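Each remark here refers to the structure printed beneath this line.
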Amino acid sequence: MKHGKKVKELIKILILKFLEKENLHGYLLISNIKEITGISVSPSMVYPILSNLKTAGLIEVEKTEDRGKKIYKLTKDGHSFLDKNQAKVEYCMKKSEALYHFHNFGGIELKKALHLAFEEFIDMDDEKRKKIGEIMQKCAKDIRYQIEYGDD
């Protein structure tokens, strides 16, 4: 499964789990996703997933607030889906917790630094490219070593 599909599947499960607890509108779902995973998801990602869940009969619009915000609720089929896919749900919840810790323990900063290095690489002189390359290689090596061997 490609990365984009994995993220959408994770968001789908999170939305269903949030709606299992309480009825919510889209922006609260987006906020809850960020809170539990540490990543920001855009409305352009969440609202199509909500639409697909609604079409599949897993959620429904309970009511629309005065300002046009739709309040979503889990249907009986949605509850059944969560029950039938409990192993997948548990995996997604563990993955969400791991994402949260990964991002808060430096994942976000590392991603920003790599993005900046990539964007600026074309304008760097050879000496700076070499130095950045050495730093990236050392970082990658240290991360792999820590995962494979720990503090030994």
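Model, not experiment: these values are computed from the prediction. Numbering of residues begins at 1 and proceeds along the displayed sequence.
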In one Ile/Leu/Val/Met/Phe/Trp/Tyr side-chain cluster, 4.5 Å: I143, Y145: no

N23 and Y72: CA distance, side-chain angles, deciding distance, side chain to side chain contact (heavy atoms under 4.5 Å, CB included) verdict: CA-CA 6 Å; N23 302 339; Y72 296 94; over 6 Å; no

Taking every non-hydrogen atom, the tightest pair across L19 and L24: CD2-N, 3.6 Å

Residue pair E119 / H115, side-chain heavy-atom distance below 4.5 Å: yes

Inter-residue atom distance L53.CG - L74.CG, 0.5 Å rounding: 9.0 Å

F121, CZ: over 12 other non-hydrogen atoms inside 6.0 angstrom: yes

Gap between atom CG of L29 and atom OH of Y27 - 0.5 Å precision: 12.0 Å

With sequence neighbours excluded, residues passing salt bridge (charged side-chain N to carboxylate O under 4.0 Å, His left out) with K88: E9

pair F81-I13: side-chain heavy atoms closer than 4.5 Å: yes

Nearest heavy atoms of L114 and M136, plus distance in Å: CD2-SD, 3.6 Å

Gap between atom CD1 of I59 and atom CD1 of I71 - 0.5 Å precision: 12.0 Å

Interatomic spacing from CG in L58 to NZ in K12 - rounded to 0.5 Å: 6.5 Å

Nearest heavy-atom neighbours spanning I132 and A117: CG2-CB, 4.1 Å

Residues forming a side chain to side chain donor-acceptor pair (under 3.5 Å) with S51, sequence neighbours excluded: none

Those residues that, when tested against D142, pass salt bridge (charged side-chain N to carboxylate O under 4.0 Å, His left out) (two or more places apart): K138

Shared hydrophobic cluster, I135 / I122 (ILVMFWY, side-chain heavy atoms < 4.5 Å): no

hydrophobic_cluster_shared for F18 and L28, side chain cutoff 4.5 Å: yes

Stepwise side chain to side chain contact (heavy atoms under 4.5 Å, CB included) test for K128 and D125: CA-CA 5 Å; K128 193 167 191 176; D125 60 37; 3.4 Å; yes

Could you tabulate the donor-acceptor pairs under 3.5 Å formed by side-chain atoms of residues 94-110, not counting sequence neighbours?
from, atom 1, to, atom 2, distance (Å)
S96, OG, C92, O, 2.8
H103, ND1, L99, O, 2.8
N104, ND2, Y100, O, 2.9

Residue pair G26 / L50: nearest heavy atoms and the distance that separates them: CA-CD1, 4.2 Å

Hydrophobic cluster identity match, M45 and L14, side-chain contacts under 4.5 Å: yes

Listed partners of T55 passing side chain to side chain donor-acceptor pair (under 3.5 Å), at least two apart: none

Closest approach of P43 to P48 (non-hydrogen atoms, all atoms of both residues): O-CD, 3.9 Å

Heavy atoms from other residues, nucleotides or ligands near CD of Q86 exceed 12 (cutoff 6.0 Å): no

From CD1 (I30) to OG (S42), nearest 0.5 Å: 7.0 Å

Cluster link Y47 to I11, ILVMFWY, side chain under 4.5 Å: yes

Minimum heavy-atom distance L82-K17, with the two atoms named: CD2-CD, 4.2 Å

Set of residues satisfying side chain to side chain contact (heavy atoms under 4.5 Å, CB included) with respect to K130, sequence neighbours excluded: E134

Value rounded to 0.5 Å, distance of NZ in K70 from CD in E60: 13.0 Å

Close side-chain approach of R129 and D126, heavy atoms under 4.5 Å: yes

